[in-house]
Number of protein chains: 2
Amino acid sequence: MTRSELFSQIQQKSSFLCVGLDPDINKIPTHLLKEEDPIFSFCQQIIEETADFAVAYKPNIAFFEALGAKGWETLAKVEELIPEDIFTIADAKRGDIGNTSKLYAKAFFETMNFDSITVAPYMGGDSVSPFLEFQDKWVILLALTSNAGSADFQLIPDANEKPLYQTVLEKSQKWGSPENLMYVVGATRGELIGEVRKAAPEHFFLVPGVGAQGGSLSEVAKYGMNSTCGLLVNSSRGIIYASAEKDFAKAARKEAQKLQIEMTGLLEKYL
Amino acid sequence: MTRSELFSQIQQKSSFLCVGLDPDINKIPTHLLKEEDPIFSFCQQIIEETADFAVAYKPNIAFFEALGAKGWETLAKVEELIPEDIFTIADAKRGDIGNTSKLYAKAFFETMNFDSITVAPYMGGDSVSPFLEFQDKWVILLALTSNAGSADFQLIPDANEKPLYQTVLEKSQKWGSPENLMYVVGATRGELIGEVRKAAPEHFFLVPGVGAQGGSLSEVAKYGMNSTCGLLVNSSRGIIYASAEKDFAKAARKEAQKLQIEMTGLLEKYL
């Protein structure tokens, strides 16, 4: 998917919502456990009920990988199920030396058909670039994450007082462009989103941390929105586990719609 | 596996060789392609012929993942095949927020039975710690990698002139101990291995980059060996692709033995 196609989805749906698919066998409604593939049934119903409001889905690969080969089959089926015009994110946090990164890229972009993959920057340019060589596919590079541990390394200032995440933003903009490179920018650090936006004015940000992790949607929009929106704000648990009963998919729909309505207001205000 | 069990393996075999399993369907001998699971047959024969000389095997997860669910089945079978007394490394370079890292840990330590997993440090302590909570299981944390891109971030000095990889070594020693935490230290930076050894005197290092990537085994031993050896030196392509013919496993055996003989000399010299 191209950047302009993504922006046109955002305008059509008046939403920049990404629904995170973190299907935990211990958390999904128990009535699904009698299905042949409970995780698939769960994701299927969530997708059906939220597709009107979401411009992206982000399966968290760990939740599938924990189930072994069967989990990978489920993941492939879930990816196929997502409507063509909705952006898909493999939240996999991969990254390795060149020839290995290329294989990870093939796994997610060719064996499966994801639009994008999250990538960790620690190993540097030649570990990220192989992911950027696929037509209309995207890298979403970790810049500033939403967890407490992000302070351990990402905020360390160099000799010129530039924190590591800023160096990641700076160097990586030479590897990719706003047409194939996004950044993960956590919502729990409201004031810092503005700093990231200054350093990367055109790029899309994938913003986790709204909802369960405590980030504020209006702060994210205020500091982070650009002229093509430039934001995909993710909510996982707040939507998919809104109810643990038979009405879980309808409850998920309601939560997704709530966020979409809030997003409509923010798009009108800032775009 | 415990550290003392690993060291006793090293002493018994007079070797600190790790064989990297990077089974590429386009590189394995063509006569294997008629087998039901060519990748499995390839790994099986390599393991059979090299197990006398290897103290560790390191499947590179990308090579299996690129084949989808079928690749994961193969990976599980390969892991089961490796003799109990040989250390197993899932070279996966994972790392995510806490509850997600825990699931990755389960995937490799419980769904499969790997002894260790390689982990990327960028997201900080709470992304690494969940892997350290499993009895007799290991994190192998990226510190200084062997690729050119390692210079992009790992070597950046902070305000006190301490490069990032040193901060990773320093902080992570508070999360784990030499009993459950190793480091990836690339062999292509001979002089730097001594620096890493000073910062982490007791920990084991997993050293890639010997052979195809140009690192020198004697330099690694000179700068990196400690009183319990403290080294697992990996060779992948140099061993597993020593021949592309029907004799590939015997050729792999020969290359593994060559390294083991060199290692015996180095253990006698430095231990």
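Order of the sequence lines fixes the chain letters, A, B, ..., with proteins taken first and strands second; residue numbering starts at 1 for each chain. Side-chain atoms are counted along with the backbone in the values below, which use heavy atoms only and exclude waters and symmetry mates. Keep in mind it's a predicted model, so treat the numbers as computed, not measured.
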Legend entry - Neighbourhood of chain B inside residues 162-170 of chain A, taking heavy atoms under 4.5 Å as contact: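 Within residues 162-170 of chain A, the residues under 4.5 Å from chain B are Leu164(A), Tyr165(A), Thr167(A), Val168(A).
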
Legend entry - Residues of residues 68-78 of chain A with any heavy atom under 4.5 Å of a heavy atom in chain B: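 Under the 4.5 Å heavy-atom cut-off, Gly68(A), Ala69(A), Trp72(A), Glu73(A) qualify.
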
Inset, instruction - Measure from the side-chain N and O atoms of Asn147(B) to the backbone N and O of Met123(A), and report whether any donor-acceptor pair falls under 3.5 Å. - result: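 Here the side-chain-to-backbone pair exists.
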
Legend entry - Asp152(B) side chain vs Gly125(A) backbone, donor-acceptor pair below 3.5 Å: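 The answer is yes, because a donor-acceptor pair under 3.5 Å joins these two groups.
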
Legend entry - Leu103(B) side, atom CG; Asp22(A) side, atom CG - distance, nearest 0.5 Å: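 Taking CG in Leu103(B) and CG in Asp22(A), the distance rounds to 9.0 Å.
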
Legend entry - Gap between atom CG of Asp158(A) and atom CZ of Phe153(B) - 0.5 Å precision: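 With rounding to 0.5 Å, CZ (Phe153(B)) is 11.5 Å from CG (Asp158(A)).
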
Inset, instruction - Could you note down all residue pairs passing salt bridge (charged side-chain N to carboxylate O under 4.0 Å, His left out) where residues 95-115 of chain B supplies at least one of them, sequence neighbours left out? - result: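 Matches after skipping sequence neighbours: Lys93(A)-Asp96(B).
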
Legend entry - Interchain contact, Thr100(A) with chain B, by part (heavy-atom threshold 4.5 Å):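 Both parts, backbone and side chain.
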
Legend entry - Nearest atoms (heavy-atom pairs only) where Gln154(B) meets Tyr122(A):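 Scanning both residues, the minimum pair turns out to be NE2-O, 3.0 Å.
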
Inset, instruction - Mind listing the closest non-hydrogen atom pair of Ala92(B) and Tyr104(A) along with its distance? - result: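 Looking at all heavy atoms of both residues, the shortest contact is O-OH, 3.6 Å.
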
Inset, instruction - Check each atom of Leu142(B) against the heavy atoms of chain A and say whether the ones under 4.5 Å are side chain, backbone, both or neither. - result: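 Its backbone and side chain both get close to chain A.
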
Legend entry - Test ring-ring contact (aromatic ring centres under 6.0 Å, His included) applied to Phe131(B) - qualifying residues, sequence neighbours left out: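 For Phe131(B), no residue satisfies ring-ring contact (aromatic ring centres under 6.0 Å, His included) once neighbours in sequence are set aside.
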
Legend entry - Among the listed options Asp91(A), Asp24(A), Ile61(A), the residue most often paired with chain B at heavy-atom distances under 4.5 Å: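 Counting heavy-atom pairs under 4.5 Å, the top option is Ile61(A).
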
Inset, instruction - For chain B, find which of Pro121(A), Gly95(A), Ala107(A) contributes the most heavy-atom pairs closer than 4.5 angstrom. - result: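 The answer is Pro121(A).
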
Legend entry - Minimum side-chain heavy-atom gap Asn99(A)-Arg237(B) below 4.5 Å: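 The answer is yes, as the side chains (C-beta and beyond) meet within the 4.5 Å cut-off.
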
